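Notes follow the structure.
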Amino acid sequence: MSKNLKIGLFGFGVVGQGLLDIIQSQNLNLEIIKIAIKDPRKTRTLSKELFTTNRDEILDNTEINTVVELINDADAAYEIVTKALKSGKNVVSANKKMIATHLKELVDLQKQYGTSLLYEGAVCGSIPIIRNLEEYYDNELFHALSGIFNGSSNYILSKIFNENQSYGSALKEAQDLGFAETDPILDVGGYDPKYKLAIATAHAYGLFINPDHILNIGIQNLSQYDINYAKEKNFKIKLVPTARKVNTKQIVTYVLPKLVAKDDFLYNVENEYNAVTVQAAFADKQFFFGKGAGGHPTGAAVLSDIAALRYDYRYEYKKYHQENGVSHTENILLEIYLRYADEDLISLLEFDNISERYSASSYKYVIGTVKLENLIKNRDLLLDEAVFIAYTGRQIYKEEKISTSTFAEAEAV
């Protein structure tokens, strides 16, 4: 039976208003009782009585059985979500940083209090990837997950490679259009896709990873030299988060710019669009594509979760509860393109092999294989503005007993 949902909404920004637009266009068995906001002085199109600046008017209201959390502040979101779950209220959230940082605790709270937390809108906007990982791939031998998880950085890269704009010009245009913040580092630095990757990895493999343990290198140091190199080789550069099985018990994760060839699904994903590529043993490779941000696309994902709660839906976290013993590893080699200025960096990274090298007074680069753990160890040096790194797409396993077929899969995605 469909439950009658009485909703308390936190946040009435772009996504909150987008959600309201969709709700008002549908005949659904739900009602928004109260909306918590920060600034009561803003002009609203709805009745003033609907709004409050006191979160407890929602959290302590016994009439409200569902909380929808759509605010930017991860710490405040954590307090709201945990109190709501402990109060017996089901929750829908789109706060990827909060969820990624506290996911294990949030899963335990749901079990303890018999409540449900859904968060499809936190990962890739309108693309229903979490529900698919939970339901469609729940019994699959899952190999790999990667894609474009951030619309802001993808918009910038699209303008650079399709319209020959400079990085600075493309960034300013993204900011003017509202795709990028005044301080865009969360997007272009790879932090936003890292949080999304951590959440997706929990559902793909049953493995909860602290986002701080995932390497993220962004596109903020991209120069014309790097752009020219990619174009000469017929590549585009995309910012790509990846989670992949090394063997039956180990998973590797990272967020890096990638040199994407024309035969890659991601090559034609442009502007603010997101995409997810998954690979499994029996379903093989599949591709999800859609808008990754915006009021209506993300609002649609949030509404999908709200609608699911009408029928008492909850994530089962089957792979986690199976206790399959998978762990996180850094024991692989990645082939990278590295632009650098200081020769000491080459020594510090301890390249396993260098296949290509160029050196001039203004521009130096190498193509070679390096341990992921060495990239992590020297991450601060890789963030220097004189350095840019991009993954070439070749991942080489350090495990001795890896099968030929698995190695082929590693190079294919």
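The model shown is predicted, which means the values in this text are computed figures rather than measured ones. These numbers come from the heavy atoms of this one structure, side chains and all, not from hydrogens, waters or symmetry mates.
Among K83, R55, K34, the single residue meeting the salt bridge (charged side-chain N to carboxylate O under 4.0 Å, His left out) criterion with D60 is K83. Checking I156, N221, N150 one by one against V188, the side chain to side chain contact (heavy atoms under 4.5 Å, CB included) holds for a single residue, I156. Between Y225 and the choices Y365, F388, Y363, the ring-ring contact (aromatic ring centres under 6.0 Å, His included) rule is met once, by Y363.
To the nearest 0.5 Å, atom CG of residue D352 and atom OG1 of residue T369 are 4.5 Å apart. Atoms NZ and CG, from K3 and L30 in turn, are 12.5 Å apart once rounded to the nearest 0.5 Å. Atom CD1 of I217 sits about 5.0 Å away from atom CG of L382, to the nearest 0.5 Å. Here the CG-CZ distance, from L117 to R314, works out to 11.0 Å after rounding to the nearest 0.5 Å. Note that CG of N90 is 11.0 Å distant from CD1 of I7, once rounded to the nearest 0.5 Å. Going from atom CD1 of I199 over to atom NZ of K194 covers 12.5 Å, rounded to the nearest 0.5 Å.
Annotation: K249, atom NZ; neighbour count of heavy atoms from other residues, nucleotides and ligands within 6.0 Å is above 12. More than 12 heavy atoms of other shown residues, nucleotides or ligands fall within 6.0 angstrom of atom CD in E356. Counting heavy-atom neighbours within 6.0 Å of N72 CG, excluding the residue itself, gives a total of 12 or less. Applying the 6.0 Å contact sphere to NZ of K97 captures no more than 12 heavy atoms from other residues, nucleotides or ligands. Within 6.0 Å of NZ on K364 lie more than 12 heavy atoms contributed by other residues, nucleotides or ligands. Within 6.0 Å of atom NZ in K318, more than 12 heavy atoms from other residues, nucleotides or ligands are found, so the atom counts as buried in its surroundings.
A donor-acceptor pair is defined here as one N or O able to donate and one able to accept, closer than 3.5 Å; such a pair exists between the side chain of N65 and the backbone of K6. S158 contributes a side-chain N or O that, together with a main-chain N or O of N271, makes up a donor-acceptor pair within less than 3.5 Å. Side chain of S116 to main chain of Y313: a donor-acceptor pair is present (N/O by atom type, distance under 3.5 Å, no hydrogens or angles). Using a distance-only test at 3.5 Å, with no hydrogens or angles considered, no donor-acceptor pair links the side chain of N274 to the main chain of N154. Remark: the backbone N or O of G290 is not paired with any side-chain donor or acceptor of S126 at under 3.5 angstrom. Judged purely by atom type and a 3.5 angstrom limit, Q17 uses its side chain to pair as donor or acceptor with the backbone of F12. Checked by atom type and distance alone, the side chain of N378 never pairs as donor or acceptor with a backbone atom of L381 at under 3.5 Å. Without hydrogens or angle criteria, N374 side chain to F351 main chain gives no donor-acceptor distance under 3.5 Å. Between the N95 side chain and the I71 main chain, a donor and an acceptor come within less than 3.5 Å of each other. Panel note: side chain Q175, backbone A180; no donor-acceptor pair is recorded below 3.5 Å.
Annotation: ring pair (Phe, Tyr, Trp, His ring centres under 6.0 Å) contacts involving residues 156-181, sequence neighbours excluded, comprise Y155-F179. Residue pairs meeting the ring pair (Phe, Tyr, Trp, His ring centres under 6.0 Å) criterion with at least one member in residues 65-97, sequence neighbours excluded: Y78-H102. Annotation: salt bridge (charged side-chain N to carboxylate O under 4.0 Å, His left out) contacts involving residues 114-137, sequence neighbours excluded, comprise R131-D305. Legend: salt bridge (charged side-chain N to carboxylate O under 4.0 Å, His left out) pairs involving residues 144-160, not counting sequence neighbours, sorted by first then second residue: K159-E163, K159-E173.
Here the shortest heavy-atom pairing between K236 and Y267 reads NZ-O, 3.2 Å. The two residues T82 and E79 have their closest heavy-atom pair at OG1-O, 3.2 Å. Shortest non-hydrogen contact noted between A275 and L266 is CB-CD2, 3.9 Å. Residues C124 and I148 come closest through the heavy atom pair SG-O, 4.4 Å. The heavy-atom pair separating T182 from P184 by the smallest distance is O-CD, 3.3 Å. The shortest non-hydrogen separation linking P257 to L239 is N-CD1, 3.7 Å.
D226 and S223 share a donor-acceptor pair across their side chains, judged by distance under 3.5 Å alone. Side chains of K231 and N164: a donor on one and an acceptor on the other come within 3.5 Å. Looking only at atom types and distance, the side chain of K319 has no donor-acceptor partner in the side chain of Y137 under 3.5 Å away. For the residue pair N61 and E57, no side-chain donor N or O sits within less than 3.5 Å of a side-chain acceptor on the partner. Checking N162 against E270 by side-chain atom types alone, a donor-acceptor pair falls below 3.5 Å.
Residues satisfying the side-chain hydrogen bond (donor to acceptor under 3.5 Å, both in side chains) test with D342, not counting sequence neighbours, are none. With sequence neighbours excluded, the residues that form a salt bridge (Lys or Arg N to Asp or Glu O under 4.0 Å) with K196 are D192.
A heavy-atom distance below 4.5 Å is found between the side chains of V278 and F288. Side-chain contact check for L70 versus L9: some heavy-atom pair is nearer than 4.5 Å.
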### Task
Give the intermediate values and the outcome of side chain to side chain contact (heavy atoms under 4.5 Å, CB included) for residues Y229 and L259.
CA-CA 10 Å; Y229 175 87; L259 298 171; 4.1 Å; yes
### Task
Using the salt bridge (Lys or Arg N to Asp or Glu O under 4.0 Å) rule, take D264 and K258 through it: C-alpha gap first, then chi angles, then the decisive distance, then the call.
CA-CA 11 Å; D264 191 312; K258 181 180 177 182; 3.4 Å; yes
#### Entry: T298 vs V14, side chain to side chain contact (heavy atoms under 4.5 Å, CB included): CA-CA, chis, key distance, verdict
CA-CA 9 Å; T298 306; V14 172; over 6 Å; no
### Message
Does K89 form a salt bridge (Lys or Arg N to Asp or Glu O under 4.0 Å) with E69? I'd like the steps, not just the answer.
### Response
CA-CA 12 Å; K89 303 181 193 299; E69 180 278 307; over 6 Å; no
### Query
After noting the C-alpha distance and the side-chain angles of I227 and I237, does the key distance pass the side chain to side chain contact (heavy atoms under 4.5 Å, CB included) rule?
CA-CA 8 Å; I227 296 164; I237 294 174; 5.5 Å; no
### Task
Verify side chain to side chain contact (heavy atoms under 4.5 Å, CB included) between I367 and Y337, making sure each step is shown before the conclusion.
CA-CA 5 Å; I367 305 290; Y337 158 91; 3.6 Å; yes
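A cation-pi contact links K285 to F265, judged by a cut-off of 6.0 Å to the six-membered ring centre and 45° from its axis.
Two rings, from Y315 and Y119, have their centers less than 6.0 Å apart.
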